[in-house]
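Side chains are part of it too, since the values below use all heavy atoms of this structure and drop only hydrogens, waters and symmetry mates.
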Amino acid sequence: MLEELPSVFIVGPMGAGKTTIGRLLAKQLGREFVDSDWYIESQTGADIAWIFAKEGEAGFRERETRAIDELTQKPQIVLATGGGAVMSHDNREFLHQRGIVVYLNAPVEVQMARTAKDKSRPLLQQPNPKQILQNLYQVRDPLYRQVAHIILPTGHTYPRHMVNQLLQQLERFIATTQGDNTP
């Protein structure tokens with residue numbers, strides 16, 4: 001049944017495990033894995049922090065929207081998006097309409113533990129990163145939920161176990177949507 005699965009797009013806050021889960025899921029499905037931030041870096045030859053520093057968040061978000069548009073048109077990929085990708089209405093439309101969107105919902109405490117020592121996250125290079133994460137979660141959680149077909153809590157189990165849970169949910173999702181299309 002999973003052969004019929006369209007592309008899978010993973011959204012969620014920084015530190016939710018989008019890249020880890022995406023890579024493992026792609027391996028299980030025998031599909032290409034793409035991380036939108038890595039894709040942007042490969043296209044520009046610059047890292048995300050540099051793009052933020054030179055072009056600001058708005059410049060980065062423009063690049064991100066172009067990348068999301070391109071990547072969501074690829075058949076049968078697993079795509080991990082950046083945490084802020086859902087801030088753009090266009091991105092939400094591309095994601096929701098062109099594949100199955102999985103929201104990895106990570107509580108702020110999980111995000112803090114996973115990002116505490118990561119200096120490559122421009123939005124967290126502030127005096128109070130926990131407050132930043134709380135504010136981002138408050139704004140973005142409704143958008144993640146709006147775009148998602150599947151919501152998977154994260155931070156409570158091993159990545160391989162999460163991928164197995166996700167595969168079961170994807171099978172149920174496909175069965176349900178195929179059932180809706182039966183005459």
query = By side-chain hydrogen bond (donor to acceptor under 3.5 Å, both in side chains), which residues pair with S42, not counting sequence neighbours?
reply = none
Results of side-chain hydrogen bond (donor to acceptor under 3.5 Å, both in side chains) for R98 - residues two or more places apart only = D69, T72
key: Test side-chain hydrogen bond (donor to acceptor under 3.5 Å, both in side chains) applied to Q169 - qualifying residues, sequence neighbours left out   = none
ask   = Nearest 0.5 Å, what's the CG-CZ distance between L71 and F94?
value = 11.5 Å
task = Output all residues satisfying salt bridge (charged side-chain N to carboxylate O under 4.0 Å, His left out) with R31, sequence neighbours left out; order by chain, then residue number.
result = none
key: Residue pair L5 / Q76, side-chain heavy-atom distance below 4.5 Å   = no
key: Non-neighbouring partners of E109 that pass salt bridge (charged side-chain N to carboxylate O under 4.0 Å, His left out), sequence neighbours left out   = none
request  = Scan side-chain atoms only and decide if N135 and Q131 contain a donor-acceptor pair under the 3.5 Å cut-off.
outcome  = yes
remark   = Across all chains, not counting sequence neighbours, the salt bridge (charged side-chain N to carboxylate O under 4.0 Å, His left out) partners of E32 are K74
query = Do S7 and I100 come close enough that some side-chain heavy atom pair is under 4.5 Å?
reply = no
message = Is the ring pair H149/H96 parallel, tilted or perpendicular, if the boundaries are 30 and 60 degrees?
response = parallel
task = Look only at the side chain of Y137 and the backbone of V108, and say whether a donor-acceptor pair between them is shorter than 3.5 Å.
result = no
ask   = Can you check whether D141 reaches Y103 side chain to side chain, under 4.5 Å on heavy atoms?
value = yes
query = Considering only heavy atoms from C-beta outward, does the side chain of D35 approach that of R23 to under 4.5 Å?
reply = no
key: R160 atom CZ: more than 12 heavy-atom contacts under 6.0 Å   = no
message = If you define the side chain from C-beta out and look only at heavy atoms, does anything of L170 sit under 4.5 Å from I150?
response = yes
